[in-house]
Amino acid sequence: MELYLDTADVQAVKRLARVLPLAGVTTNPSIVASGKTPVNEVLPALKEALGNKGRLFAQVMAPQAEQMVEEAQKLRAMVDDLVVKVPVTAEGLAAIKQLKTMGIPTLGTAVYGASQGLLAALAGADYVAPYVNRLDAQGGDGIQTVKDLQQLLKLHTPGAKVLAASFKTPRQALACLLAGCESITLPLDVAQQIITTPAVNAAVEKFEQDWLNAFGTSGL
Ligand code: E4P
């Protein structure tokens, strides 16, 4: 499986790339805007923080396919192996088709339904990102959508991957992985909750204290 962080926080990526088996970093316009660093500065910095092997994803903003394709080229000029995120609107599908012919890898984003995701994959998207928590929040079933999409891609577009996104809890991420999802992107707070739970810290502190009480020194 592939594990991504959904963030534009360069320092956090540096810190967590040391700890986690990261496949890369995903961003979206809201995430980049929240950091307030211009996109042409933050994307190369994120790429550097990830190192050679990590993949970076960034999203186009334009509503029309032709402009999406131009923006995709601008993003690729900032980071040459960047995967371009394209919202799966009608224009987005046209842009994905065009980018496929140009050899530019894409992720179909803002996916709220399995059939919408399948269309992105049929158009040539390498990844499709269903929004798990946003689906749940509007009364849908994020995990079921992931399962359906996973099955559809396996049947009809075996080259495309589900990269599940929009998580608010570790439980949602786990359910997604149990459903067979091959890649997920986690916001920093969810990643942090998985790495550091209070019970684990308490257990480690107790080991240290017992050792110190018995031997008067910490460590071996
Ligand atoms: C990824 O493609 C999405 O942009 C992102 O995960 C959305 O997450 P949110 O619902 O927490 O904003």
Side-chain angles (χ1 to χ4, degrees), residues 1-9 12-13 16 20 22-37 39 42-43 46-47 50 54-63 68 71-72 75 79 82-89 91-93 95-96 99 104-114 116-121 123 125-146 149-150 153 160-177 179 181-194:
M1 67 160 281
E2 295 175 5
L3 173 63
Y4 295 88
L5 287 179
D6 204 20
T7 184
D9 182 335
V13 170
L16 290 173
L20 296 174
L22 282 187
V25 163
T26 58
T27 66
N28 66 30
S30 304
I31 289 172
V32 171
S34 71
K36 295 202 163 52
T37 307
V39 68
V42 78
L43 293 182
L46 285 167
K47 177 66 186 172
L50 269 174
R55 288 205 105 174
L56 186 61
F57 294 66
Q59 190 167 324
V60 294
M61 298 285 301
M68 287 181 186
E71 288 186 355
L75 290 170
V79 172
L82 180 140
V83 182
V84 178
K85 291 178 67 177
V86 180
V88 185
T89 57
E91 288 296 313
L93 286 169
I96 290 169
L99 290 165
I104 294 180
T106 56
L107 174 148
T109 194
V111 169
Y112 284 80
Q116 180 201 7
L118 175 62
L119 284 183
D126 300 270
Y127 296 88
V128 182
Y131 279 9
V132 175
N133 187 70
R134 293 197 200 190
L135 270 157
D136 288 349
Q138 62 175 34
D141 186 339
I143 300 302
Q144 188 57 49
T145 303
V146 168
L149 184 55
Q150 190 82 21
L153 298 196
K161 287 182 183 174
V162 175
L163 198 171
S166 178
F167 292 104
K168 287 288 169 281
T169 67
R171 188 76 221 168
Q172 287 172 326
L174 184 64
C176 223
L177 295 173
C181 184
E182 51 214 327
S183 31
I184 59 172
T185 185
L186 298 177
L188 291 179
D189 59 335
V190 175
Q192 203 58 57
Q193 283 177 58
I194 294 172

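Side-chain atoms are counted along with the backbone in the values below, which use heavy atoms only and exclude waters and symmetry mates. Just so you know, these numbers come straight off a predicted model, no measurement behind them. One-based numbering, in listed order, for ligands and for the atoms of each.
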Among all protein non-hydrogen atoms, which one is nearest to atom 11 (O) of ligand 1, and what is the separation to 0.1 Å? Lys168 NZ, 2.7 Å
Among all protein heavy atoms, pick out the one at the shortest distance from atom 2 (O) of ligand 1; state its residue, atom name and that distance to 0.1 Å.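 So the nearest neighbour among protein heavy atoms is Lys85 NZ, 2.7 Å.
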Sub-4.0 Å atoms of ligand 1 with respect to non-hydrogen atoms of Arg134: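 Per the distance check, 7 (C), 9 (P), 10 (O), 12 (O).
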Give the atom numbers and elements of ligand 1 that come within less than 4.0 Å of a heavy atom of Asn28.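 Going through ligand 1 atom by atom, the ones under 4.0 Å from Asn28 are 3 (C), 4 (O), 5 (C), 7 (C).
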Looking only at the side chains, is there a donor atom on one of Thr109 and Tyr131 sitting less than 3.5 Å from an acceptor on the other?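 A donor-acceptor contact under 3.5 Å links the two side chains.
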Verdict with supporting geometry, Leu107 and Val84, side-chain contact (heavy atoms from CB on, under 4.5 Å): CA-CA 6 Å; Leu107 174 148; Val84 178; over 6 Å; no
Please evaluate residues Glu2 and Arg55 with respect to the criterion salt bridge (charged side-chain N to carboxylate O under 4.0 Å, His left out), reporting the C-alpha separation (whole Å), side-chain torsions for both, the decisive distance (0.1 Å), and the verdict. CA-CA 10 Å; Glu2 295 175 5; Arg55 288 205 105 174; over 6 Å; no
Would one find more than 12 heavy atoms of other residues, nucleotides or ligands at under 6.0 Å from atom CE of Met61?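 Atom CE in Met61 is not packed in, count stays at 12 or less.
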At the 4.0 Å heavy-atom cut-off, does Thr109 count as touching ligand 1?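 Checking ligand 1 against Thr109, which is what was asked, there is a heavy-atom contact under 4.0 Å.
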So, does Asp6 sit close enough to ligand 1 that a heavy atom of it is under 4.0 Å from the ligand? yes
Using modelled atom types and a 3.5 Å cut-off, is there a donor and acceptor pairing between side-chain atoms of Gln116 and backbone atoms of Ala110?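 Looks like yes, one N/O pair under 3.5 Å.
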Tell me the contacting part of Gln59 for ligand 1: side chain, backbone, both, or neither, using a 4.0 Å heavy-atom threshold, strictly below.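 None of Gln59 does.
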Just to be sure I read this right, does ligand 1 sit under 4.0 Å from the backbone of Tyr131, its side chain, both, or neither, counting only heavy atoms? side chain
Atom CG of Leu163 and atom OG1 of Thr26: how far apart are they, to the nearest 0.5 Å? 6.5 Å
